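For reference, the structure is listed below as structure tokens.
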Amino acid sequence: MGPSARLPGTAARDRIVAHIDMDCFYAACERLREPALRGEPVVVGMGYEPGTDSGAVATASYEARAFGVESAMALSEALELLPRKVDVAGSDHPVDEAGFYRPVDMPFYESVAAEARTLLHERAGTVREVSIDEAYLDVTDRTDWEAAGAFARDLKSAVTDEVGVTASVGVAPTMSAAKIASDHDKPDGLVVVEPGEVADFLAPLDVEAVHGVGPVTAGELRTLGIETAGDLAAADPSVLTDRFGERGRQVHRFARGADDRDVEPRGRPKSLSRESAFTEATADPDRQVDRLRTLADGVAERAKGRDVLYRTISIKVVTPPFDVSTRARSLPGPVADGELVAGVAEELFAEFLADPVRKLGVRVSNLSFADGEQPSLAQWTDPARDEHGRNPTDDGQRSLTEYD
Ligand code: DCP
Ligand code: MG
């Protein structure tokens with residue numbers, strides 16, 4: 001991007017942005033309190049009850065990923081790829097081809113994340129927390145391009161030494177490039193992309209690496225012959241806007257390395273939510289309700305981890321082609337009750353049951369925080385501009401993402 005491509009008023013800006021994302025975070029937390037899990041395949045299940053095959057994979061350690069286990073996969077499927085250690089002990093099955101399964105424990109993961117956040121705030125003037133294990137740091141006033149690599153190495157060691165988990169860090173002149181850089185060499189990665197190198201760094205990457213492009217969008221882009229970030233950068237923006245609306249323009253800009261967002265601290269969330277797309281629209285009521293319940297569990301766990309009460313429960317239903325419906329119910333008072341979230345979500349969904357559904361979401365709002373502070377009104381409202389947790393604009397693997 002040449003200076004002429006910048007928006008007025010930003011020409012003089014030369015930012016150093018770091019993006020940090022912990023490696024297989026929930027699994028890393030489990031290893032922290034159970035060191036025997038180190039080096040082993042570990043799967044953390046949302047809605048998982050030990051001994052059963054219920055729930056979905058929240059995350060898997062890299063050793064478990066080698067067996068094909070991945071986030072958002074049904075736990076039953078994960079168990080086929082990677083049986084439980086306890087189940088194979090004493091059988092003919094090789095124990096080194098089995099893994100450890102643990103249920104999600106949000107309060108513990110939140111406590112680990114809080115330690116990491118404290119450390120990030122010590123090391124950067126401005127921190128934008130994106131999700132439980134991910135943040136952007138504006139470190140312009142803490143380092144320069146020559147020292148950026150050393151700065152990031154130091155940050156990574158501090159996280160390892162003081163928090164006990166590993167992180168991947170990317171440093172770049174923009175938020176979107178920094179995010180891609182941190183993902184580029186996971187786990188334990190460190191990638192610095194200096195100004196002037198951004199377009200070359202992005203060009204050969206798969207189009208799915210571009211911020212805002214998830215598996216489904218990537219599939220659609222491939223049908224247009226757009227395979228790499230370079231192809232996307234070279235594509236005709238009007239074709240992209242016709243096909244994807246405003247988001248098409250945004251991913252085109254990101255693919256070119258253009259991103260003038262400042263790292264802005266985030267306020268209190270107004271709501272907590274998760275959503276997840278089916279690879280193809282499904283009318284199967286069992287799959288629909290199953291997914292809805294997993295999302296409800298995920299939201300309730302998240303709220304529990306943050307010590308948040310909620311008064312309103314809502315669902316979002318996307319039917320083909322892209323019709324979005326939402327339904328909400330408000331309760332007489334604030335609650336924290338996962339079964340209630342799932343039950344209300346299911347009732348609200350009843351009118352859509354067995355319709356073809358592309359995507360489902362569950363949200364809790366009207367939040368009250370344990371420390372009595374009210375949520376900020378100014379934040380998290382402009383989907384075109386922001387990253388909303390992990391990649392809200394897309395789905396598939398990236399499901400179970402916060403979208404507020
Ligand atoms: N998570 C989830 N459901 C998903 C994706 C993630 O519950 N579909 C949770 C579990 C992850 C945590 O959020 O540990 C952080 O998400 P990341 O996408 O950063 O995934 P990981 O940290 O697990 O792995 P990576 O090393 O790829 O960052
Ligand atoms: Mg992570």
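Counting starts at 1 for both ligands and their atoms, in listed order. Computed from a prediction, not measured in an experiment: that's the story for all the values here.
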Taking the Mg ion (ligand 2) as the reference point, name the nearest N/O/S atom of Asp21.
OD1
Set of side chain to side chain contact (heavy atoms under 4.5 Å, CB included) partners for Val192, sequence neighbours left out
Trp145, Ala148, Val171, Leu190, Glu194
Which part of Arg302 is near ligand 1, with near meaning a heavy atom under 4.0 Å away: side chain, backbone, both or neither?
neither
Heavy atom of Lys186 under 4.0 Å from ligand 1?
yes
Just jot down the ligand 1 atoms closer than 4.0 angstrom to any heavy atom of Arg65, in number order.
21 (P), 23 (O), 24 (O), 25 (P), 26 (O), 27 (O)
N or O contact, Asp21 vs ligand 1, cut-off under 3.5 Å:
yes
Value rounded to 0.5 Å, distance of OG in Ser168 from CG in Asp21
7.0 Å
Which of the ligand 1 atoms, numbered from 1, are nearer than 4.0 Å to a heavy atom of Thr59:
10 (C), 11 (C), 14 (O), 21 (P), 23 (O)
I'd like to check the side chain to side chain contact (heavy atoms under 4.5 Å, CB included) partners of Ser157; sequence neighbours left out, ordered by chain and number.
Asp161
Using 30° and 60° as the class limits, which term best fits the ring planes of Phe25 and Tyr109: parallel, tilted or perpendicular?
perpendicular
Using modelled atom types and a 3.5 Å cut-off, is there a donor and acceptor pairing between side-chain atoms of Arg31 and backbone atoms of Leu37?
yes
Flag Cys24 as yes when one of its N or O atoms lies below 3.5 Å from any N or O atom of ligand 1, and as no otherwise.
yes
Look at atom 22 (O) of ligand 1 and find which of Val44, Val165, Asp133 reaches it with the closest heavy atom.
Asp133
What are the two closest heavy atoms between Pro320 and Ala281, and how far apart are they?
CG-CB, 3.8 Å
Looking at Asp259 and Arg261, would you say the former's side chain and the latter's main chain have a donor-acceptor pair under 3.5 Å?
yes
Only heavy atoms count here, so choose which of Ser131, Ala56, Ala58 is nearest to atom 5 (C) of ligand 1.
Ala58
When only distance counts, is Ala72 in polar contact with ligand 1, meaning an N/O pair under 3.5 Å?
no
Taking the side chain as every heavy atom from C-beta outward, state whether Leu120 and Leu155 have any atom pair closer than 4.5 Å.
yes
Within 45 degrees of the ring normal and closer than 6.0 Å to the centroid, is that where the cationic atom of Arg33 sits relative to Phe108?
yes
Going by distance only, is there an N or O of Phe25 that falls short of 3.5 Å from an N or O of ligand 1?
yes
Could you tell me whether ligand 1 has any atom less than 4.0 Å away from a heavy atom of Tyr62?
yes
Please note down the angle at the Mg ion (ligand 2) between O of Met22 and OD2 of Asp133, to the nearest 10°.
90°
